2 protein chains.
Amino acid sequence: MPKDRAPTRIQKKNRAAILEAALNVFSAHGFRGATVDQIAAEAGLSKPNLLYYFPSKEAIHTALLSGLLDTWLAPLHELDADGDPMEEILSYIRRKLQMSRELPRESRLFANELVQGAPRIHEALSNDLKALVDDKTTILTQWMDEGKIARLHPYHLIFSIWALTQHYADFDVQVRAILGNEDPFAGAEPFIDTLYRKLLKP
Amino acid sequence: MPKDRAPTRIQKKNRAAILEAALNVFSAHGFRGATVDQIAAEAGLSKPNLLYYFPSKEAIHTALLSGLLDTWLAPLHELDADGDPMEEILSYIRRKLQMSRELPRESRLFANELVQGAPRIHEALSNDLKALVDDKTTILTQWMDEGKIARLHPYHLIFSIWALTQHYADFDVQVRAILGNEDPFAGAEPFIDTLYRKLLKP
DNA sequence: TCTTGATTTGACCATCTGGTCAAACTCACG
DNA sequence: CGTGAGTTTGACCAGATGGTCAAATCAAGA
C-alpha cells in the first residue's frame, strides 16, 4: 500500500477505475455475487494489483457505498422550506426520477443492499438517512398545517416518492419486459407528476 | 433419486422443508449469496440428503420460483372487468399490500431476482406476466374510455401499484429504520388508499 | 543517469462451495 | 420378521474465490 501522502496520478486513475468497475459489478450481482476477479478484469487490472489499492472486497464495497451516499441523498437535501410547497415537492420528485434514469447502477447498488437487509449500511440508515428524513418531514408537516398541501402521513409520502421513482431503475428488466420498446421515463414522468399534483392538492 | 411414482410421506415432508428453507435463504441472500449448506442446515438435512431430493441448487431455485409465480400473480388475475372499477382497483391494491405484509420473503425473492436482471425468470416476465398485464390494462383502458376512472397511462398505473405495495416488503429495513416502532402497514394502507382514490377519481 | 519509492505480477495458499458416491441405515409391506 | 426400495451420510473431489508475498518492473526527482 502506498504511503498516506497525496495520491499520485496513477493512484487516482486506478482507484477511480476500480470504483467504476465495482459499481458495475456490485450493482449487477450484489456483494456476494460479485467476485474480485470480475472487478479487477473490468478495471483492467490484475487481482493482486487491485488488492494493492484496496485491502479487501469489503473495503471496495464500503468505499463505494459511502462515496455515493451523499449523491444519493442530495435530492432530498435540496428540498427547501422557503420554496413553494407544491413546486418543491414536484422538483424533488423530478430529481429523483432523473437519478433513476441517469444513475440506475447506483440505484441498484443500494437496492441490492437494502433487499438483503442492508447488513453493511444499517448504521447509515438509522443515522444519516433517518435524520435527514426527520428534518424534511418536519417541513412537510408544516406545509400541511398551513394548508399548503393535503394532509398525509409525511413518512409514507416520502416512501411513495422513493418507491415510484426508484422502481424504474431497480426493476428495469420487468418494466422493459412489459413496455417493450416504449421509453419507460417518457410515460413515467407525466404519470408521476399527475399523481402527486392530485395527491397533494389541498 | 426416487422413482417417479406417487411421492412418499417422507418425500413430501422433505421437499416441503427444503422449499421452505430455500425461501428463507434465497430471499435473504439472493441466488448467488445462498449456499446449499445453508439451505440444508435450515431444512434440517445434510447436504447430500438435500441433493437427493433436488439435483442442484439451481433446481431448487427454479422449483421455488415457478411454484410461487402463480401466487404472485393471483391478485392481478382477480381484477374483474365486470366489477365496479374503483372498487376493483382498490381491492387489487389491498391484496397486493396484504401480500407484502404476509409474504415478504416471497416479495424479496422476486425483488432479488429482478434487481439483478432476472437472469432466471426473464422468460416468465416476457410471456406470462406480459400477457396478464396486457389483458388487465385492456380492462383499465376500457374503464377510462367509459369515464369510470381518470385517464392515465395504464402500464404506469400498474407499475405504481407494484412499486408502492412491494416497497414495504422489499425495503423493509429502510422503512423500519425511519419509522422506528410504528407499524409500517398501519400507515401505508390508508395512505395508499387515499392516493389512489384521488388519482383515479374521474 | 541513478536511485528509491511506487506499481505490477506470477505463483501460491486456505477456505468455501456445488456436487458425487458407495456404503449404511430405515421403513413399509408381504 | 425378512426383504427390497427408499433414505441418509461420511468421505471425497474439482473448481472458484478471497487474499498473500516476494520478486520484478516502472516512474520521477535529484
Side-chain angles (χ1 to χ4, degrees), chain A residues 1-65 112-113 116 119-120, chain B residues 1-65 112-113 116 119-120:
Chain A
M1 319 125 194
K3 303 278 165 61
D4 45 356
R5 291 180 208 164
T8 67
R9 175 181 56 86
I10 295 175
Q11 275 168 43
K12 268 189 217 164
K13 191 194 67 179
N14 283 344
R15 282 180 168 271
I18 290 168
L19 290 176
E20 169 71 15
L23 176 57
N24 278 331
V25 178
F26 282 133
S27 69
H29 304 287
F31 181 77
R32 193 67 160 50
T35 74
V36 176
D37 278 297
Q38 232 178 325
I39 299 171
E42 186 116 358
L45 300 172
S46 66
K47 184 168 59 169
N49 199 181
L50 180 149
L51 289 166
Y52 169 74
Y53 290 100
F54 288 90
S56 68
K57 179 183 174 182
E58 180 99 34
I60 305 172
H61 195 251
T62 302
L64 191 59
L65 280 173
N112 255 306
E113 190 64 14
Q116 293 182 14
R120 280 166 286 271
Chain B
M1 320 127 194
K3 304 279 163 63
D4 46 355
R5 292 180 207 165
T8 67
R9 175 182 57 88
I10 295 175
Q11 277 170 39
K12 269 190 216 165
K13 192 192 68 179
N14 283 345
R15 282 180 170 271
I18 291 167
L19 290 175
E20 169 71 14
L23 177 57
N24 279 330
V25 178
F26 282 133
S27 68
H29 304 287
F31 180 77
R32 194 68 162 44
T35 72
V36 176
D37 277 297
Q38 235 179 321
I39 299 170
E42 186 115 356
L45 300 172
S46 66
K47 184 168 58 169
N49 198 8
L50 179 149
L51 290 166
Y52 169 73
Y53 291 100
F54 289 90
S56 68
K57 179 183 174 181
E58 181 99 34
I60 304 171
H61 194 251
T62 302
L64 192 58
L65 280 173
N112 256 305
E113 190 65 14
Q116 292 181 14
R120 281 166 285 273

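Small disclaimer: the values here were computed from a predicted structure and weren't measured. Protein chains get the first letters and strands the later ones, always in sequence-line order, with residue 1 at the start of each.
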Working for side-chain contact (heavy atoms from CB on, under 4.5 Å), residues B:Glu113 and B:His61: CA-CA 10 Å; B:Glu113 190 65 14; B:His61 194 251; 3.3 Å; yes
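- In this structure, the nucleotide among C:dT20, C:dT7, C:dG18 sitting nearest to the side chain of B:Leu51 is C:dT20.
- A:Ala34 comes within 4.0 angstrom of sugar-phosphate atoms only, judged by non-hydrogen atoms across all strands, and of no base.
- Phosphate contact (OP1/OP2 of D:dT17, side-chain N/O of B:Arg32, threshold under 4.0 Å): present.
- Look at CD on A:Gln38: it is 8 Å from P on D:dT17, rounded to the nearest Å.
- The nearest whole Å value for the distance from the CZ atom in B:Phe31 to the P atom in C:dT17 is 13 Å.
- The distance between atom CZ of B:Arg15 and atom C1' of D:dT8, rounded to the nearest whole Å, is 16 Å.
- To the nearest angstrom, P of D:dA16 lies 15 Å from NZ of A:Lys57.
- As rounded to whole Å, 14 Å separates atom C1' of C:dC29 from atom CD1 of B:Ile10.
- Proximity of A:Tyr53 to the phosphate of C:dA6: no side-chain N or O atom is located under 4.0 Å from OP1 or OP2.
- Going from atom CD1 of B:Ile39 over to atom CG of B:Leu19 covers 9.5 Å, rounded to the nearest 0.5 Å.
- The nearest heavy atom of DNA chain C to B:Asp37 and to B:Arg9 marks one nucleotide each, and the one closer to the 5' end goes with B:Asp37.
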Check against side-chain contact (heavy atoms from CB on, under 4.5 Å), A:Phe26 and A:Asn112: CA-CA 8 Å; A:Phe26 282 133; A:Asn112 255 306; over 6 Å; no
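- Picking from C:dT8, C:dC27, D:dT9 the nucleotide with the shortest atom distance to the side chain of B:Asn49 gives D:dT9.
- When distances are taken from the side chain of A:Thr8 to each of D:dT20, D:dG18, C:dT7, the shortest belongs to C:dT7.
- Listed nucleotides: C:dT9, C:dG19, D:dA11. Nearest to the side chain of A:Pro48: C:dT9.
- Spacing between atom OH of A:Tyr52 and atom P of D:dT25 amounts to 17 Å, rounded to whole angstrom units.
- Judged by atom type and distance alone, A:Lys47 reaches the base of D:dG18 through a side-chain donor-acceptor pair under 3.5 Å.
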side-chain contact (heavy atoms from CB on, under 4.5 Å) assessment of B:Glu20 paired with B:Glu42: CA-CA 9 Å; B:Glu20 169 71 14; B:Glu42 186 115 356; over 6 Å; no
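- To the nearest angstrom, P of C:dA28 lies 13 Å from NZ of B:Lys12.
- With D:dT7, C:dT9, D:dG19 as the choices, the nucleotide that has an atom nearest any side-chain atom of A:Ser46 turns out to be C:dT9.
- One atom, CG of A:Leu50, and another, P of D:dC21, lie 17 Å apart when rounded to the nearest Å.
- Taking the nucleotide of DNA chain C with the nearest heavy atom to each of B:Ser56 and A:Asn14, the more 5' of the two is matched to A:Asn14.
- Cation-pi geometry between B:Arg32 and A:Phe31 is not met: the NZ or CZ atom fails to fall both under 6.0 Å from the ring centre and inside 45° of the normal.
- Phosphate contact (OP1/OP2 of D:dT7, side-chain N/O of B:Gln11, threshold under 4.0 Å): present.
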